[in-house]
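Since the structure comes first, as C-alpha cells, the remarks are kept for the end.
Protein chains get the first letters and strands the later ones, always in sequence-line order, with residue 1 at the start of each.
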Amino acid sequence: MGPRSKSRRLGRTFYTGSPLVVAPLLLNKLLVTADGRSGRIVEVEAYWGAQDPASHAYRGRTARNATMFRRGGHLYVYLSYGMHWCANVVCGPEGEAQAVLLRALQPVEGLDLMRAARWRDQRRRDDRDLCRGPGRLCQAMGIDRSDDGIDLTRPSSPVWIADDGVAPPESPAGTARVGISVGTDLPWRFAVGDHPGLSRPVVRRSG
DNA sequence: GTCCCGATTCCCT
DNA sequence: GGGAATCGGGACC
C-alpha cells in the first residue's frame, strides 16, 4: 500500500496564503505525477512577486511568467540556464505573482522511472541525487514547460500535490535563498532540517 | 537585432 | 573549487 492510497488533495484555500506561509506548509507534502512518480517536498524557496528583486515577476508580467499571476494552486515552470526546468507552486490571490520554488524532493514512488529519466548510465549513481536540486527534480518527475499552468489541486492533473498525513516541521528556520544575486539577505528558503536530500546544507547566518 | 546573463548541473581537478 | 554547457527573456540600441 503506497502513500497515494491515503493521500488527499489540498483545497484551493491552502494556496491563497502568502508565499512565506505556504512555503513552510509545503514541506513534507507529496508531489505526485499521473504516471506513478512521487516525492516528498523537503526544500522550498519563497518568491514574492513585484516586491522581490529576485522574482521573475519583479519587472512585471511577461509571456514567460504569466502563470505566476494566476491565483494560487497552479504550477509555474520555466527554463533555467537554457537546459534545466524549474517548478514553482503559485500561491496568493490572482495578480500577486507569488510563488514557491520546489528545490528538492525525497523520492517516494516510481524510482525506476525517475532513474531512467535522470540517467542514461545507471552505474555509479546515488538515489539521493535523483531529486536533489530544482533542475534535477523536474527531470526526475518528467516536468517541463508543457506542465506550466496546470492545476495542482486536482488529483486528475498530470502533476498535483497530495497530503498523506505527514505534518510539516513545526517551525522550520528561514535561511538565505540559493542561486540568486539580489535579495540574498531575505531568509526565504525553508527545508526539512538535516535531510540528506537537500540541494545544499542548511546554514544559518552567524552574524 | 544584439548582447548579457541566469531561481543549475555535471564533470574534472 | 572551477569551468563548460546551452538558450530564451529582457534590456538596450
Side-chain angles (χ1 to χ4, degrees), chain A residues 18-20 22-24 26-27 31 39 41-70 72 74-92 96-107 114-149 152 159 161 172 174-192 196-203 205:
Chain A
S18 84
L20 295 185
V22 174
L26 281 170
L27 294 175
L31 188 68
I41 298 168
V42 296
E43 182 185 350
V44 297
E45 284 177 354
Y47 286 84
W48 198 305
Q51 332 296 326
D52 179 2
S55 169
H56 286 175
Y58 187 56
R59 289 178 176 81
R61 181 182 184 134
T62 65
R64 173 172 69 154
N65 67 23
T67 297
M68 283 188 82
F69 288 79
R70 299 179 70 180
H74 295 279
L75 182 69
Y76 168 50
V77 182
Y78 70 89
L79 185 63
S80 176
Y81 287 89
M83 59 195 102
H84 306 293
W85 299 106
C86 290
N88 299 253
V89 177
V90 177
C91 57
E96 294 290 312
Q98 300 166 346
V100 177
L101 171 67
L102 302 179
R103 288 196 57 89
L105 309 176
Q106 170 197 335
M114 293 185 189
R115 295 185 192 104
R118 288 271 294 122
W119 304 315
R120 180 175 170 82
D121 182 353
Q122 303 285 325
R123 293 171 298 177
R124 291 181 57 215
R125 298 296 187 177
D126 186 333
D127 281 350
R128 286 176 297 188
D129 291 334
L130 277 176
C131 302
R132 194 179 70 185
R136 291 165 168 177
L137 81 84
C138 282
Q139 189 180 20
M141 297 290 279
I143 293 171
D144 62 24
R145 182 68 179 179
S146 70
D147 297 303
D148 180 65
L152 292 167
V159 187
I161 293 178
T175 56
R177 292 179 293 183
V178 175
I180 55 174
S181 56
V182 287
T184 53
D185 55 322
L186 301 171
W188 288 358
R189 174 184 178 226
F190 302 93
V192 176
L198 300 186
S199 69
R200 297 184 174 194
V202 172
V203 178
R205 285 187 296 172

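At whole-Å resolution of the value, CZ in R61(A) and C1' in dG9(C) are 16 Å apart. Rounded to an integer number of Å, the gap from CG of N65(A) to P of dG8(C) is 17 Å.
For the C1' atom pair drawn from dC5(B) and dG3(C), the interatomic distance equals 16 Å after rounding to whole Å.
Electrostatic pairing of R177(A) and D52(A) counts as a salt bridge here, judged by a charged N lying under 4.0 Å from a carboxylate O.
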Quiz item: Could you spell out the base pairing of DNA chain B in dot-bracket, with Watson-Crick or G-U pairs whose two distances are under 3.5 Å, [ ] crossing and | to another strand?
Solution: ||||||.|||||.
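Scanning all heavy atoms of the two residues, the minimum distance from G60(A) to F69(A) falls at C-CZ, 3.9 Å. Taking every heavy atom of both residues into account, R189(A) and V202(A) meet most closely at NH1-CA, 4.0 Å.
Within a 6.0 Å sphere centred on CZ of R200(A), other residues, nucleotides and ligands contribute 12 heavy atoms or fewer. When the shell of 6.0 Å around CZ of R145(A) is examined, it contains more than 12 heavy atoms from other residues, nucleotides or ligands.
In this structure, the separation between SG on C138(A) and CG on L75(A) is 7.5 Å, given to the nearest 0.5 Å. The CD atom of Q122(A) sits 7.5 Å away from the CZ atom of R115(A) when rounded to the nearest 0.5 Å.
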Practice problem: Produce a footprint string for nucleotides 3-13 of chain B: one letter per nucleotide, 5' end first; B if the base is under 4.0 Å from any protein heavy atom, S if only the sugar-phosphate is, - if neither. | Solution: ---BBBSSS--
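Of the side-chain N and O atoms in R59(A), one or more sit less than 4.0 angstrom from OP1 or OP2 of dA11(C).
Using bins of under 30°, 30° to 60° and over 60° for the plane-to-plane angle, the ring pair H56(A)/Y76(A) lands in the perpendicular bin.
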